2 protein chains.
Amino acid sequence: MNVMNASPRRKELTRLAAQLFVQEGFDRTTVRMLAQEMGIKSGSLFHHFRDKQEILAAVIEEGTENALIIARDALARCDSSASARLHAMARAHLETLLTDRNAHVVALYEWRRLDTEARAHLSHLRDAYEALWEEVIDEALAEGLVHGDRFLVSRFVMGALNWTVRWYDPEGTRTPDELADELVAMITRSASTP
Amino acid sequence: MNVMNASPRRKELTRLAAQLFVQEGFDRTTVRMLAQEMGIKSGSLFHHFRDKQEILAAVIEEGTENALIIARDALARCDSSASARLHAMARAHLETLLTDRNAHVVALYEWRRLDTEARAHLSHLRDAYEALWEEVIDEALAEGLVHGDRFLVSRFVMGALNWTVRWYDPEGTRTPDELADELVAMITRSASTP
DNA sequence: CATTCACACTAGCGCTTGCTTGGTTGAATG
DNA sequence: CATTCAACCAAGCAAGCGCTAGTGTGAATG
């Protein structure tokens, strides 16, 4: 069994697992289905993962780590104005959500299937990500770009963005960036949409 | 087996099932757990419901029907201004979401576990509800209360509201009505929060 | 050339699952 | 008082579940 997530084989298996978990749900995805999708027999699966739970944890960990990296990167390379940072954060959020879609859908829907230890570990990652949001929201509040309670605003914004996985059509006319900008415009006083 | 949802016994069983589905998730809730919670044996369950799927459908149907009733009622009894109707709709949404919480959490999380027929039937109910929202949003757009695309705005608003089931604490200081008003204020140009 | 190692296989154990079957109640109905 | 009927129970079947044990590879390592 591999301990690190780093093994390239394991990373590929994790990606496949994410896809199946989205299609069928975690509980309905059997180890035999996972194995078949991976082109191996069900027993061989446990060479890469201790148990089924660990596959779920690997999927969610991957997704959340990617989200953190992309968000930090976006914030680092953008303008330092509150508006620019707000736009960058919203765009980064949708970018991860919609490109790394499978992993995030799993994280949103199957979080409760994690056992206590995995949940504790992954909570830290998620908290780090949410802290980024609250930071950016704080700056927007300070500049009067948006109004309201910092906690509430960040929850509302993340809710609106996360909900997109339910209805957004990548084949449609709107790009994720446009979507993000529209949301920011909606909660921002100065912007206008003719 | 009862065909109608109307049997009082069945309604009570549905309520209990909703609670268990929230605690454990649909797939992890066994018919034996359901039966025990209901104070009967597992076999007796199938006198009330054709199969496990039908219990899930009953839970979601109940919740969605209630949401429709409450929303229509709220719209009927409120002022006819776009602002009043927007507030009423948001408040109604959170009221159902948080009082009939179990059923709605199940609807949000376990929708995909429904089979094709049940999903088709319940989709109509849900569409009727969402149509109410788009109507109210349309009026708000027409009066210049909010700006943007009708489709996008309604999705963003519903996302922000539905997301509350993940973090809202009924024991906390904020009432659902305050929450709803805060969200409306956030997307509304004229309001201000000192 | 011997050893190790990652990776895969076969076979199946022990348990739980949703659901069925056939029968028993106790109250309401004609 | 015979009949009906919703509601329940006891017992269990067939299928599927996660996971384990033991073994076989071919490539890399010493």
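Just so you know, these numbers come straight off a predicted model, no measurement behind them. Just so we're on the same page: letters track the sequence lines, and every chain starts at 1.
Taken from CG in B:Leu16 to CG in B:Leu34, the straight-line distance is 9.0 Å, to the nearest 0.5 Å.
The minimum heavy-atom distance linking A:Leu108 with B:Tyr109 is given by the pair O-CE2, 3.9 Å. Smallest separation of non-hydrogen atoms from B:Met38 and B:Ala17: CE-CB, 4.3 Å.
D:dA7 atom P lies 11 Å from atom CZ of B:Phe49, rounded to whole Å. Atom CG of B:Leu45 and atom P of C:dT17 are 14 Å apart (whole Å). Summarising the geometry, the separation between CD on B:Gln36 and P on D:dC8 is reported as 15 Å, rounded to the nearest angstrom. Distance CZ (B:Phe46) to C1' (C:dC19): 5 Å, rounded to an integer number of Å. The distance from atom CD of A:Gln53 to atom C1' of D:dC17 is 15 Å, rounded to the nearest whole Å. Put simply, NE2 on B:His48 is 8 Å from C1' on D:dC8, counting in whole angstrom units. The CG-P distance, from B:Asp27 to D:dG16, rounds to 16 Å in whole Å. Atom pair B:Glu54:CD and C:dC19:P shows a separation of 11 Å (rounding to whole Å applied).
Note on residues 115-128 of chain B: no pairs pass salt bridge (charged side-chain N to carboxylate O under 4.0 Å, His left out), not counting sequence neighbours. Residue pairs satisfying the side-chain hydrogen bond (donor to acceptor under 3.5 Å, both in side chains) criterion with at least one member in residues 136-145 of chain B, sequence neighbours excluded, are listed as follows: B:Arg85-B:Glu139, B:Asp138-B:Arg150. Counting only residues at least two apart or on different chains, the side-chain hydrogen bond (donor to acceptor under 3.5 Å, both in side chains) pairs with a member in residues 26-38 of chain B are A:Asp27-B:Arg28, A:Arg28-B:Asp27, B:Asp27-B:Arg113.
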I'd like a list of close polar pairs between nucleotides 9-12 of chain D and the protein, N/O only, cut-off under 3.5 Å.
from: D:dC9; atom 1: OP2; to: B:Lys41; atom 2: N; distance (Å): 2.4
from: D:dC9; atom 1: OP2; to: B:Ser44; atom 2: OG; distance (Å): 3.0

Protein and nucleotides 23-29 of chain C: nitrogen or oxygen contacts under 3.5 angstrom:
none

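In terms of modelled atom types and a separation under 3.5 Å, the side chain of A:Asp51 and the main chain of A:Glu54 share a donor-acceptor contact. A donor-acceptor pair under 3.5 Å is absent between the side-chain atoms of B:His93 and the main chain of B:Met89, judged by distance alone.
Judged by the 6.0 Å and 45° rule, B:Lys52 forms a cation-pi pair with B:Phe26.
Inter-residue side-chain proximity for A:Leu179 and A:Leu183 is flagged as unmet; no heavy-atom pair is nearer than 4.5 Å.
One finds a side-chain N or O of A:Arg9 lying less than 4.0 angstrom from the OP1 or OP2 phosphate oxygen of C:dA8.
For the contact set between residues 110-122 of chain B and DNA chain D, defined by any heavy atom under 4.0 Å, there are no members.
Nearest nucleotide to the B:His47 side chain, out of D:dA6, C:dA8, D:dC19: D:dA6.
If you chain together hydrophobic residues whose side chains sit under 4.5 Å apart, A:Ile70 and A:Met158 never meet in one group.
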